[in-house]
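Structure record follows, encoded as structure tokens.
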Amino acid sequence: MRVATWNVNSVKQRLPRLLPWLDQRRPDVVCLQETKLADQAFADLLGEELARRGYEVAAHGEPRWNGVAILSRAGLDDVVTGVAGAPGFPHQEARAVAATCGGVRVHSVYVPNGRTPDSDHYRYKLEWLAALREVVRLGPEEAMVCGDVNIAPADADVFDPAAYEGQTHVTAPERAALAELRELGLHDVVRERWPEERVFTYWDYRAGMFHKDLGMRIDLVLASDPVAGRVRAAWVDRHARKGTGPSDHAPVIVDLDEAPDGDIGPVVPPPSAPAPKRGSVKLPQAPSG
DNA sequence: ATGGCGTGAGTTTCACGA
């Protein structure tokens, strides 16, 4: 199962990039952030194109800002919008949607930006993260939290840590809130796959930042133990940040092996039904004449 | 030198982003 997450920065503007990307990468589950569309507008814009590609859709949006979605062709069950117990700013914002896809509880999240560390928005960000942690803690064992967390987990996830010192996305309380979420047993699967490499997912549109590879890694795929054990590949699709009309974020793509207890059945026959001895099976005879 | 670029709503710019 291929799972991807992408902050598209307006799904309407990104349509000419999103549809070809779906056809090229063929993800089974896609978490989107910053869709910037109300749910009906999302369905009107994308419903037919996604259905044609076999995707079911759980969209949770607003007319102007924020907005998240999950697209899945691996099942889409028990959809829940929002984060129980999370604060608003002041109203509830469309920043999370969860669904069970292929046996995994998938969360598509767009964590509040935080703006500046002395702001109400920053406190909102930390409280929102604490509420998300509770939802994940009380949820199924097989879980993935995918999305734009608006936190660079470590200094290696920022092109110039000195330039960001004291600013949002890198402060100790934000990193602590992310660490508390991860302490539930979630693995940062891209960093674990690329422990020493320069890996970013976001580059400012301005000043040739992408061209110079001056970015941040703030879009994460976090996977619980049993899911992390199935990771075959985990990478940032930088190609999607190139060319005409890109988002300022690149997608993150993770490939999972089949679940050991999935619907493919047992790998070996159970003891009560031993495999037949070699040579004991009669093959059907070809009809003669 | 706090610039720069892109987006949405809606209009002679503003709010937001990270």
Side-chain angles (χ1 to χ4, degrees), chain A residues 5-18 21 32-42 44-46 59-69 88-96 108-126 128-129 146-175 177-178 198-220 236 238 240-252:
Chain A
T5 183
W6 194 6
N7 179 327
V8 291
N9 186 16
S10 171
V11 74
K12 187 176 177 183
Q13 289 301 313
R14 218 58 59 213
L15 210 54
R17 299 298 301 260
L18 175 62
W21 177 83
L32 299 176
Q33 299 87 35
E34 287 209 81
T35 56
K36 297 186 177 179
L37 274 184
D39 295 346
Q40 188 58 55
F42 189 106
D44 292 345
L45 179 74
L46 267 167
H60 178 43
E62 304 174 33
R64 299 177 72 177
W65 311 120
N66 311 312
V68 289
F89 193 77
H91 66 284
Q92 290 291 322
E93 299 181 306
R95 294 185 176 275
S108 176
V109 302
Y110 176 47
V111 175
N113 172 290
R115 299 182 190 171
T116 59
D118 61 353
S119 68
D120 287 341
H121 206 270
Y122 180 88
R123 289 181 278 279
Y124 167 51
K125 179 179 194 174
L126 297 180
W128 196 93
L129 281 162
C146 309
D148 178 354
V149 302
N150 271 319
I151 299 169
D155 282 352
D157 298 311
V158 179
F159 76 91
D160 183 358
Y164 280 91
E165 196 172 334
Q167 297 193 48
T168 183
H169 293 62
V170 303
T171 66
E174 288 165 277
R175 287 177 169 169
L178 181 60
R198 181 183 180 94
V199 181
F200 299 138
T201 65
Y202 161 84
W203 302 260
D204 198 300
Y205 283 122
R206 298 165 290 189
M209 298 289 269
F210 178 71
H211 180 68
K212 292 182 272 191
D213 196 23
L214 304 179
M216 308 174 78
R217 192 175 70 93
I218 56 177
D219 301 87
L220 306 183
V236 176
R238 293 181 79 260
R241 181 63 178 78
K242 302 177 183 177
T244 305
S247 170
D248 43 2
H249 296 249
V252 180

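In what follows, every chain begins at residue 1, and chains take the letters A, B, ... in the order their sequences are listed. Quick caveat: nothing in here was measured; it's all calculated off a predicted structure.
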**Request:** May I ask you to verify if any side-chain N or O of A/Arg14 is less than 4.0 angstrom from the OP1 or OP2 atom of B/dG6?
**Result:** no
**Item:** Interatomic distance where CZ belongs to A/Arg64 and C1' belongs to B/dC14 [whole Å]
**Value:** 9 Å
**OP1 or OP2 of B/dA18 under 4.0 Å from side-chain N/O of A/Tyr110** = yes
**Message:** For a quick check of understanding: with a heavy-atom distance under 4.0 Å over all strands, which category does A/Tyr202 fall into, base, sugar-phosphate or nothing?
**Reply:** sugar-phosphate
**Asked** Between A/Val11 and A/Val111, who's closer to the 5' end of DNA chain B by nearest nucleotide?
**Response** A/Val11
**Message:** Tell me whether the side-chain N/O atoms of A/His249 come closer than 4.0 Å to OP1 or OP2 in B/dA18.
**Reply:** yes
**Request:** Write down the distance between CD (A/Gln167) and P (B/dG17), rounded to a whole number of angstrom.
**Result:** 15 Å
**Complete:** Heavy-atom nearest nucleotide on DNA chain B taken for A/Tyr205 and for A/Glu34; more 5' hit belongs to A/Tyr205
**Request:** Considering just the side-chain nitrogens and oxygens of A/Gln13, establish if one lies under 4.0 Å of OP1 or OP2 belonging to B/dG8.
**Result:** yes
**Prompt:** Quick one: is A/Asn150 getting a side-chain N or O under 4.0 Å of the B/dA18 phosphate, OP1 or OP2?
**Reply:** yes
**Message:** Please determine whether a side-chain nitrogen or oxygen atom of A/Asn9 lies at a distance below 4.0 Å from atom OP1 or OP2 of B/dT7.
**Reply:** no
**Fill in**
Atom CG of A/Asp219 and atom P of B/dA18 are separated, to the nearest Å, by 9 Å
**Request:** Provide the distance between the two P atoms, one in B/dA1 and one in B/dT13, to the nearest whole Å.
**Result:** 27 Å
**Message:** I want to check one thing: is the phosphate of B/dG3, taken as OP1 and OP2, less than 4.0 Å away from some side-chain N or O of A/Arg206?
**Reply:** no
**Item:** Distance in angstrom units between A/Trp203 CH2 and B/dA18 C1', rounded
**Value:** 14 Å
**Message:** As a quick check of understanding, evaluate side-chain contact (heavy atoms from CB on, under 4.5 Å) for A/His169 and A/Tyr164, giving each step before the final call.
**Reply:** CA-CA 8 Å; A/His169 293 62; A/Tyr164 280 91; 5.6 Å; no
**Prompt:** In terms of ring plane angle, is the pair A/Phe89 and A/Tyr124 parallel, tilted or perpendicular, where the classes change at 30° and 60°?
**Reply:** parallel
**Asked** If we take the C1' atom in both B/dG4 and B/dG10, what is their distance in whole Å?
**Response** 24 Å
**Message:** Please tell me if A/Ser10 has a side-chain N or O lying less than 4.0 Å from either OP1 or OP2 of B/dG8.
**Reply:** yes
**Item:** Nucleotide B/dA18, atom C1' - distance to CZ of A/Arg241 in whole Å
**Value:** 13 Å
**Sugar-phosphate, base or nothing in reach of A/Met209, heavy atoms under 4.0 Å** = nothing
**Prompt:** For atom CD of A/Gln92, is the number of surrounding heavy atoms from other residues, nucleotides or ligands below 6.0 Å larger than 12?
**Reply:** yes
**Request:** Could you tell me whether A/Asp148 and A/Arg95 make a salt bridge, using a distance below 4.0 angstrom between a side-chain N and a carboxylate O?
**Result:** no
**Asked** In whole Å, what is the span from the NZ atom of A/Lys125 to the P atom of B/dG17?
**Response** 10 Å
**Message:** Does either side chain, that of A/Asn7 or that of A/Glu34, offer a donor lying less than 3.5 Å from an acceptor on the other one?
**Reply:** yes
**Prompt:** In whole Å, what is the span from the OH atom of A/Tyr124 to the C1' atom of B/dA18?
**Reply:** 16 Å
**Message:** So A/Leu214 and A/Trp203, do their side chains get closer than 4.5 Å, heavy atoms only?
**Reply:** no
**Item:** Distance in angstrom units between A/Gln33 CD and B/dG6 P, rounded
**Value:** 21 Å
**Item:** Sugar-phosphate, base or nothing in reach of A/Asp248, heavy atoms under 4.0 Å
**Value:** nothing
**Message:** Any N or O donor-acceptor pair under 3.5 Å from the base of B/dA18 to the side chain of A/Asp204?
**Reply:** no
